[in-house]
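What follows is a short report on a single structure.
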Protein chains: 2
Amino acid sequence: MAYRRSPRVQQRLEDNRNRILSAARSLVAQGGFREASIVAVAGAADMSTGAVYRYFPSKSDLFVELLTDAVQRECAILRAIIAKPATAPDRLAAAVESFARRALSGPWLAYAFIIEPVDPEVEAARLVCRREFGSVFKEVVRQGVASGEFPEQSANVSAACIVGAFTEALARPVTPLAGRISKTRLVGEIVDFCCRAVGASPRAKR
Amino acid sequence: MAYRRSPRVQQRLEDNRNRILSAARSLVAQGGFREASIVAVAGAADMSTGAVYRYFPSKSDLFVELLTDAVQRECAILRAIIAKPATAPDRLAAAVESFARRALSGPWLAYAFIIEPVDPEVEAARLVCRREFGSVFKEVVRQGVASGEFPEQSANVSAACIVGAFTEALARPVTPLAGRISKTRLVGEIVDFCCRAVGASPRAKR
DNA sequence: CTAAGAAGTGAATCTTAGTTCACTCTTTCG
DNA sequence: CGAAAGAGTGAACTAAGATTCACTTCTTAG
């Protein structure tokens, strides 16, 4: 035998893999999945299309991993916010605001991850992610209802509506909203909307 | 010359055209644009692919017309509701409920029309539709704010959020909600959510 | 240095639709 | 009826993009 992966090579391989993922992520962030063809991804990662297939068995797999990673990370952030000690309305507001801020910095990312359909495999992965994502919000709503901070309501439906509401307001490169008003104001309005929506008593204006 | 379109033929041609549109609509309603390939549409309309091209210059044109028609019809219904004499909260509730009921009968339709991206041409048409669609809700919100029935808020953002909220809660691939609770209850919850969201004072339980 | 085993390349191939078109079938009218 | 013109057919053509693979280039260990 005359070849065994050395640590150095191992490292390079991992780097390559990450480079592919991050090239894909950045392409998606700029123009949605539409822009992220294998050729484009390979190009952005500075390798050949063939090489990409050495790291991912198919385009779908690549995107599924991308999606799962991103949502996982996002959920972790949101869960952390929600676990903090504070009133339910405050925590909800903080979570929405946090998500909104991040979404605005890469307008297509949220869109692509939450909405844009690709192929059935990715779609399946998204369904799981979406459910997990919604469950974070469901949690606060449920707590708020239990503690009497929010009126009686279906946490399931409200969570879905919340996700839908800010997604639509944020993740659409298409909405006329983007340029019209300042980002700060947009975020504020969305947060207010969501808080009112679950029935939190009106918050102080900032 | 020896041939001129007779009324009978004229009629048949129109029927064919409609048959194509409705075949396409039903395919989209069942499985999104993904399921509505030209071959599938032609098959469902009982004609050859070539024939379809006699009526529509391209697939995009077909879908643009489909989308525009559907949204136009939908907007007309909603506008009528909103024009009725009633309080802003009541009108908003009625509009949301009306839309929700219809959306539930063809779970993919709302999704395909509001969300699912296809190609740039269709996307452009959707932008227009979406704007018009949102503007209906914007109108009630604006009126409600003006009359003091709703608190101060950006009608633009709220309208987008409302559209997003019920879309998310209703549209097919998106929601795990579909089977969980009764349709009536789902619609009720969504309506409540939207009403609270714009800050309408709590409505009586039904 | 060299053979063995990987990793990397990118042009060629496969796939999946949308679109075309040479041809056939219908309809109309003299 | 028969010629003219439109309507309808569906196999063949394209285009775009994913996937493959024969071949080249590295790496490692002896």
Side-chain angles (χ1 to χ4, degrees), chain A residues 1-21 23-24 27-28 31-66 112 116-123, chain B residues 1-21 23-24 27-28 31-66 112 116-123:
Chain A
M1 128 210 85
Y3 181 90
R4 190 89 52 83
R5 262 184 205 171
S6 69
R8 192 169 61 86
V9 170
Q10 185 63 42
Q11 183 58 48
R12 178 162 55 82
L13 295 192
E14 269 165 40
D15 287 352
N16 284 348
R17 195 165 198 288
N18 291 329
R19 208 139 43 80
I20 293 171
L21 280 168
L27 282 169
V28 170
F33 286 113
R34 208 201 284 291
E35 298 297 312
S37 66
I38 289 291
V39 175
V41 170
D46 246 323
M47 42 178 90
S48 64
T49 59
V52 172
Y53 281 85
R54 212 158 245 298
Y55 296 90
F56 299 91
S58 78
K59 197 191 179 192
S60 293
D61 288 75
L62 166 58
F63 285 147
V64 166
E65 182 164 337
L66 196 60
E116 186 178 4
V118 208
D119 61 87
E121 279 182 72
V122 177
E123 204 61 41
Chain B
M1 128 213 83
Y3 180 91
R4 190 88 54 82
R5 261 184 205 171
S6 68
R8 192 169 63 86
V9 171
Q10 183 65 40
Q11 183 57 48
R12 178 163 55 82
L13 295 193
E14 269 165 39
D15 288 352
N16 284 348
R17 196 166 198 286
N18 289 329
R19 207 139 43 78
I20 294 171
L21 281 168
L27 283 169
V28 170
F33 285 113
R34 203 201 290 290
E35 298 297 311
S37 66
I38 288 290
V39 174
V41 170
D46 245 324
M47 42 176 91
S48 63
T49 59
V52 172
Y53 282 86
R54 213 158 244 300
Y55 296 89
F56 299 91
S58 79
K59 198 193 180 192
S60 293
D61 287 74
L62 166 58
F63 285 146
V64 166
E65 183 166 333
L66 196 59
E116 185 179 4
V118 208
D119 61 88
E121 278 182 73
V122 177
E123 204 59 41

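Throughout, protein chains are lettered first and strands after them, A, B, ... in sequence-line order, and every chain is numbered starting at 1.
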Give each protein N/O atom lying under 3.5 Å from an N/O atom of nucleotides 14-17 of chain D, with the pair distance.
none

Atom [atom1] of [X] to atom [atom2] of [N]: distance rounded to whole Å?
X	N	atom1	atom2	answer
A:Phe33	D:dA18	CZ	C1'	16 Å
B:Gln10	D:dA7	CD	C1'	13 Å
B:Gln11	C:dT27	CD	P	15 Å
A:Arg54	D:dT25	CZ	P	16 Å
B:Asn16	C:dT27	CG	P	12 Å
A:Tyr3	C:dA6	OH	P	8 Å
A:Phe56	D:dT20	CZ	P	16 Å
B:Tyr53	D:dG6	OH	P	22 Å

* B:Asp15 and B:Gln11: side-chain donor and acceptor closer than 3.5 Å? -> yes
May I ask you to verify if any side-chain N or O of [X] is less than 4.0 angstrom from the OP1 or OP2 atom of [N]?
X	N	answer
A:Arg12	C:dG8	yes
B:Arg5	D:dA5	no
A:Arg4	C:dA6	no
A:Ser6	D:dT28	yes

Roughly how far, to the nearest 0.5 Å, is the [atom2] atom of [Y] from the [atom1] atom of [X]?
X	Y	atom1	atom2	answer
B:Leu13	B:Arg5	CG	CZ	5.0 Å
B:Arg12	B:Gln10	CZ	CD	10.5 Å
B:Leu66	B:Ile20	CG	CD1	11.5 Å

* Indicate, with a heavy-atom threshold strictly under 4.0 Å, whether B:Tyr55 touches base, sugar-phosphate, or nothing. => sugar-phosphate
* pair A:Val41-A:Phe56: side-chain heavy atoms closer than 4.5 Å -> no
* Sequence-distant partners of B:Arg17, salt bridge (Lys or Arg N to Asp or Glu O under 4.0 Å), two or more places apart -> B:Glu65
* **Partners meeting side-chain contact (heavy atoms from CB on, under 4.5 Å) with B:Glu35 (sequence neighbours left out)** => none
* To do: Would you mind reading off the bend of the helix from C:dC1-D:dG30 to C:dG30-D:dC1 from its two end axes, five pairs each, to 10 degrees?
  => 10°
Just list the side-chain donor-acceptor pairs under 3.5 Å for residues 44-55 of chain B, sequence neighbours left out, or say none.
from	atom 1	to	atom 2	distance (Å)
B:Ser48	OG	B:Ala51	N	3.3
B:Tyr55	OH	B:Asn16	ND2	3.0

* **Sorted by number, the residues of residues 44-51 of chain A with heavy-atom contact under 4.0 Å to DNA chain D** => A:Thr49
